[in-house]
Visitor: 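Got a structure for you, written out below as structure tokens; questions coming shortly.
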Amino acid sequence: MDKPGPSKPKLEPPDCLPSTSKITDADREFWDNLVEFVSDEEEITLDRLLEDSDFSGNEQDVEDRDVELQLHNFAAPEIVVDSIEEQEAPPETVNDALSRLLNEFKRAPISEAEGPPAKKASIGRIFDEGNADADPIRVPENRLVRAKVGTATEKAPDPHDIAAAQTFGGYMALKKAKLRHQVNGEEPHDGLTSNIFSGISVFVNGYTEPPALIIRELMTVHGGEYHCYYEHGRTTYVIASSLASVKVDKLRQGEIFIKPEWITDSIARGYALPHIDYVVNEKDRYAKGTLQRFFAQSKEDKEKPKNPAPNRDTVDARDPDFIFQYYARSRLHLISTLAQDMKDFVADLKSRRSPESETIDLRDLGRFVTSERRPKEDFIFHVDLDCFFVSVALRSRPECRGKPVAITHSKGVVSNSMSEIASCSYEARACGVKNGMLVKDALEQCSRLVFLPYQFEDYTEVSKIIYTILSRYTLDLRAVSCDEMYLNCTELCRKFSITDPKKLAEHMRTEIREKTGCPASVGIGPTSLIARLATRRAKPDGVYWVPKLNIADFIAKEKIRDIPGIGYQSLDKIKSFFGDTERCSELQAHSLETLEPLLGKKVAQKLYNQCRGIEEDPPGFWEIQQRKSVSCDINYGIRFTEQKEAMQLLSGIGFELERKLNRCKMLAGNVTLKLLVRSADAPVQTAKFMGHGRCDAHTKSAVLPMSTNNAKLIITEIVKLYNKIAPLVEDLRGVGVQCSKLKSADRQAMSSAVAEMFKPTSQRKPLQLAGRPKKDEERKRKRHFYGEDGDEDMLMRMEDFNRPHKTSPPLKNRHICEHEGMRNRLEPPRSNQPLAPPAWMPKCTKDIAFGSQSSLNGVTDDEGIEAEFEKILIEEPTRESVVLVARFFCTTARLGNLQSLTNHSRTLLSLVGHRRTSHAAWFQAAHLILNEADAVCAEYYGAPMMLVDSLEHLNFGRYD
DNA sequence: ATCCTCCCCTAC
DNA sequence: TAAGGTAGGGGAGGAT
Ligand SMILES: Nc1ccn([C@H]2C[C@H](O)[C@@H](COP(=O)(O)OP(=O)(O)OP(=O)(O)O)O2)c(=O)n1
Ligand SMILES: [Mg+2]
């Protein structure tokens, strides 16, 4: 077991946690509808809103319906199912326009370097700490007792709400009813042992253990239903022990096959478990656990027939499954993804909705004020859901309210679990339990701790709802995370003459509570710093306002550790230098000069201001922020024995990055690879199952040959970096890749940046590959997971991911790119083409095998290559020499040396342009070759580079 | 000076 | 068993 390095705890006792999820089409639809429904509430501004948002109430087309069905199955059993059903009744106008726009907003100028300088000789070290132990700060303490502006008290008996309730679309009304129902809980009916399967129905497929008879009994007795036949859209799950008679990929969309253990385990646990870990799939033939399955499988990977074809050095077994399986269970991935999605959502609204069109009517909150004598004071709101994950869980488990509860993967059976707690209730916090703690540590603090499972889909839904709700108050909104945001309500309050911002906060809280069933707390202050600190006092379920005048008193009592930006390490430095220091007041005694060497210039200056409460929000705080990087990290479950497996992972990461880059319409100019490698003295067996343990971090970065969003290009680059670091595969514990120096990919039709270097000289659309075939069942299913709204190309790619990967040779059949319009005066008129192909014509483009490096007759330097060209071109072309030159260009293209490719193309065309420098037949051969190379570009980078065309203006041509 | 690479830290 | 992601701010020290 690797114990926390006895050395200084380098690692912050993790605070962090993620989960999964992406916004799928289905989700977007849902969201769109939601926005619409919410808008319905305010009739006054509905029209405006519709206009602003381009809500046109389109007809839902067939595909939309499909998508909706998916949501049906994807989303949380109870709530969403109901809401969707309800949704189908009303006019349910779905607008793909918004959907599409939702994606578009994400592009914008970018970039500019960001990394700071200098390399260190040493490598970073990742310590494998216990977990939360070290962080004593975030203790919830008795904040419970803190003053709060009572929630229930000044409710909002406004006629406003009542009216709203009346006019509200069926969706929300239904949801509310449902929530109430859940919150109140249901008593089991007569004859029922429990109702844990309420609303769930199963159909048993084939022989199972326990047998169908028993399953029927179990389901019935526990409040569920047993279906003798599978009813599409009605039966929740199909229970099956094996796949003997089931072809997994033949499953109709929405059918979920799970193992019978799900029933027995759920009964044992006392509630319906998430089905994810019980899904029956292909791999169940091999092993048991999911991760083990992956590894077992990769070891004996025979199912991916290596197609040793042409491009040998591309990894062909890119099993996306590992990454997806992992993401599907990673809370940290989920919250990261959600945070990004929320930012995107807000950015989209800001970019399309005019600022002066507020969408909510708060006149009832305001006052008739005779004179505006109140000093101008800003009202920054910080809204944060109380123990988010727990609150979601408690909606359907009212019996757990008031108990110490924690959300974790651990089923709580063992007392030494290394599983992390994502979120814990305030009762648990009272015992010293903290978010991010290990279960085993938490149990030491609180032995009666109750463990509940994750509900990823519900977090996603609640998150969207709160953003939808609050964005109607104001668009001066800054998304922080899935459950947290800042709102600048200064204008809003002025507009409605609201003098007591707490009233507004209560209004928000009430709306959130009603529509999500989750309590939110609000901190208010003149700056985001104060608002945020105020939230801690507001929690749980309260409001706390720090007027400008009270800042000094307020901040003095705040803990240093609670200052945003000051974490475990910084506090440690402060404490070790000043002695025990806890409150801001103590810190105020120290000069900026003392702080600086300790924390660095920026942090010191900031903290200096913060601990005095005088730190202002940075300019641009309320503006749309440009993304600066896109990354993908996997530091869990990595245990390889062969290099090939590492390559597979790099490949999977490459494709994931491509997906993400496409999603935000960005191109990367730089990639950074970070490997976690077991520290020399760390045990091979980690404390946490499949965890990374104590590691050294190795980082290397590279400038891409050109900005790209292309997986293959990224992969070739990170493979190179990997080989530079060259870790022992057995010791590899984590892999992360970050793309930086981002640029907008806004070259409309262009799915890749290939064309960025060239202003296309013709208006012909260069991209042939982007728009491809149509979707089939399988693809729709995928869409669910990859959530690439309408990005067909992406979906295709992800499918490729699954296949054995045909190593589709770029050159295959491509034979002289017949792009119409590719001809120009450079190309000999067709009529002049010899009837029979010239002798030098390679029989088949396959003959042009790829080389592993771009060399010509062994020469690799530019001058040398030019010299080779001259020698070769002066002779009459032969099949051999043509293949030789073609191989050089195609390899260069494939390796991504695109700049070099362009230069050499130029040289080639220049040489074949004159009798003096080349044999006449090379003119045609050269164009053939460049078209071939262009095909490679198209294949690899999504668009041809127009190697011939782009040089057109140079006026090359054979005039002799 | 300013940029770049390889870090470290923080936050959810 | 367990699912330790991801983005941004910032700094040291070498390269330019
Ligand atoms: N180490 C962490 C911290 C947070 N989260 C997830 C679960 C939390 O519910 C959610 C929101 O984080 P918060 O910091 O807002 O914490 P909570 O909402 O749980 O509690 P509160 O905001 O009331 O302090 O993020 C996580 O998975 N792991
Ligand atoms: Mg919270």
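Predicted model only: the values in this text are computed from it and were never measured.
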Visitor: Counting side-chain heavy atoms from C-beta on, which of C/dG5, C/dA2, B/dT10 comes nearest to A/Asn635?
Guide: C/dG5
Visitor: Nearest-Å distance, CZ (A/Phe388) to P (B/dC12)?
Guide: 14 Å
Visitor: Tell me the interatomic distance from A/Leu598, atom CG, to B/dC9, atom C1', rounded to whole angstroms.
Guide: 14 Å
Visitor: So, does A/Ser629 get its side chain near the phosphate of C/dG8, meaning an N or O under 4.0 Å from OP1 or OP2?
Guide: yes
Visitor: Out of C/dA3, C/dG10, C/dT1, which nucleotide sits closest to the side chain of A/Lys602?
Guide: C/dG10
Visitor: Nearest of C/dG8, C/dT6, B/dC12 to any side-chain atom of A/Ser481?
Guide: B/dC12
Visitor: Taking the side chain of A/Lys700 as heavy atoms from C-beta outward, which of C/dG5, C/dA2, B/dC6 is closest to it?
Guide: B/dC6
Visitor: Please tell me if A/Ser570 has a side-chain N or O lying less than 4.0 Å from either OP1 or OP2 of B/dC9.
Guide: no
Visitor: Could you state the CD-C1' distance from A/Gln569 to C/dG10, rounded to the nearest angstrom?
Guide: 15 Å
Visitor: Test of understanding: with salt bridge (charged side-chain N to carboxylate O under 4.0 Å, His left out), list the residues that count as partners of A/Asp617, not counting sequence neighbours.
Guide: none
Visitor: Kindly say if A/Lys628 contacts the phosphate of C/dG9, meaning a side-chain N or O under 4.0 Å from OP1 or OP2.
Guide: yes
Visitor: At 4.0 Å (heavy atoms only), tell me whether A/Cys632 reaches a base, stays on the sugar-phosphate, or touches nothing.
Guide: sugar-phosphate
Visitor: Nearest of B/dA11, C/dG5, C/dA3 to any side-chain atom of A/Lys688?
Guide: C/dA3
Visitor: Mapping A/Val413 and A/Ser631 onto DNA chain C by nearest heavy atom, which one lands closer to the 5' end?
Guide: A/Val413
Visitor: Do the side chain of A/Gln625 and the main chain of A/Ala347 share a donor and acceptor less than 3.5 angstrom apart?
Guide: no
Visitor: What nucleic acid atoms does A/Val630 come within less than 4.0 Å of, heavy atoms only: base, sugar-phosphate, or nothing?
Guide: sugar-phosphate
Visitor: Roughly how far apart are A/Leu704 CG and A/Asn709 CG, rounded to 0.5 Å?
Guide: 10.5 Å
Visitor: For A/Leu676 and C/dG4, give me the distance from atom CG to atom C1', rounded to whole Å.
Guide: 9 Å
Visitor: Do the charged groups of A/Asp341 and A/Arg663 touch, with an N to O distance under 4.0 Å?
Guide: yes
Visitor: May I ask you to say what A/Ile566 touches in the nucleic acid, namely base, sugar-phosphate or nothing, with a heavy-atom cut-off under 4.0 Å?
Guide: sugar-phosphate
Visitor: Does A/Lys601 reach a base, just sugar-phosphate, or nothing at all? Heavy atoms under 4.0 Å.
Guide: sugar-phosphate
Visitor: Can you label the angle between the A/Tyr454 ring and the A/Phe389 ring as parallel, tilted or perpendicular, going by 30° and 60°?
Guide: perpendicular
Visitor: Using a heavy-atom cut-off of under 4.0 Å over every strand shown, decide if A/Ser417 touches base, sugar-phosphate, or nothing.
Guide: sugar-phosphate
Visitor: Which of these nucleotides, B/dC12, C/dA3, C/dG8, is closest to any side-chain atom of A/Asp277?
Guide: C/dA3
Visitor: In whole Å, what is the span from the CG atom of A/Asp384 to the C1' atom of B/dC12?
Guide: 9 Å
Visitor: Looking at the side chain of A/Arg532, which of B/dC12, C/dG4, B/dT10 is the nearest nucleotide?
Guide: B/dC12
Visitor: By nearest nucleotide on DNA chain C, pick out whichever of A/Thr408 and A/Gly600 is the more 5' one.
Guide: A/Thr408
Visitor: Decide yes or no for A/Leu529 and A/Pro564: does some side-chain heavy atom of the first lie under 4.5 Å from some side-chain heavy atom of the second?
Guide: yes
Visitor: On the nucleotide C/dG5, are OP1 or OP2 found under 4.0 Å from the side-chain N or O atoms that A/Tyr326 carries?
Guide: yes
Visitor: For the residue pair A/Leu732 and A/Pro727, what are the closest heavy atoms and their distance?
Guide: CD1-CG, 4.1 Å
Visitor: Nearest-Å distance, CZ (A/Arg639) to P (C/dT1)?
Guide: 17 Å
Visitor: What contact category does A/Leu673 fall into here, base, sugar-phosphate, or nothing, at under 4.0 angstrom with non-hydrogen atoms?
Guide: nothing
Visitor: Taking only the side-chain heavy atoms of A/Lys660 (C-beta and beyond), determine which of C/dA3, C/dT6, C/dG8 contains the nearest atom.
Guide: C/dT6
Visitor: Are any of A/Ser419's side-chain N or O atoms less than 4.0 Å away from OP1 or OP2 of C/dT1?
Guide: no
Visitor: Below 3.5 Å, can you tabulate the donor-acceptor pairs from side chains in residues 668-680 of chain A to any protein atom, sequence neighbours excluded?
Guide:
residue: A/Arg678; atom: NE; partner: A/Asp731; partner atom: OD1; Å: 3.0
residue: A/Arg678; atom: NH1; partner: A/Ala682; partner atom: O; Å: 2.5
residue: A/Arg678; atom: NH2; partner: A/Asp731; partner atom: OD1; Å: 3.2
residue: A/Ser679; atom: OG; partner: A/Asp696; partner atom: OD1; Å: 3.2

Visitor: What does A/Arg733 touch in the nucleic acid at a heavy-atom separation under 4.0 angstrom: a base, only the sugar-phosphate, or nothing?
Guide: nothing
Visitor: Does C/dA7 have its OP1 or OP2 closer than 4.0 Å to a side-chain nitrogen or oxygen of A/Arg627?
Guide: yes
Visitor: For A/Leu657 and C/dA7, what is the distance between atoms CG and P respectively, to the nearest whole Å?
Guide: 9 Å
Visitor: What nucleotide, of C/dA3, C/dA7, C/dT6, holds the atom closest to the side chain of A/Asp633?
Guide: C/dT6
Visitor: Could you check whether A/Gln625 gets within reach of a base, just the sugar-phosphate, or nothing at all, counting any heavy atom under 4.0 Å?
Guide: nothing
Visitor: So, does A/Arg561 get its side chain near the phosphate of B/dA11, meaning an N or O under 4.0 Å from OP1 or OP2?
Guide: yes
Visitor: Report yes or no: is the ring centroid of A/His409 under 5.5 Å from the six-membered base ring centroid of C/dA3, with the two planes under 30 degrees?
Guide: no
Visitor: The side chain of A/Thr699 is closest to which nucleotide in this list: C/dA3, B/dC4, B/dC6?
Guide: B/dC6
Visitor: Nearest whole Å is fine: how far is C/dG5 P from A/Gln325 CD?
Guide: 16 Å
Visitor: NA contact type, A/Gly691, heavy-atom cut-off 4.0 Å: base, sugar-phosphate, or nothing?
Guide: base
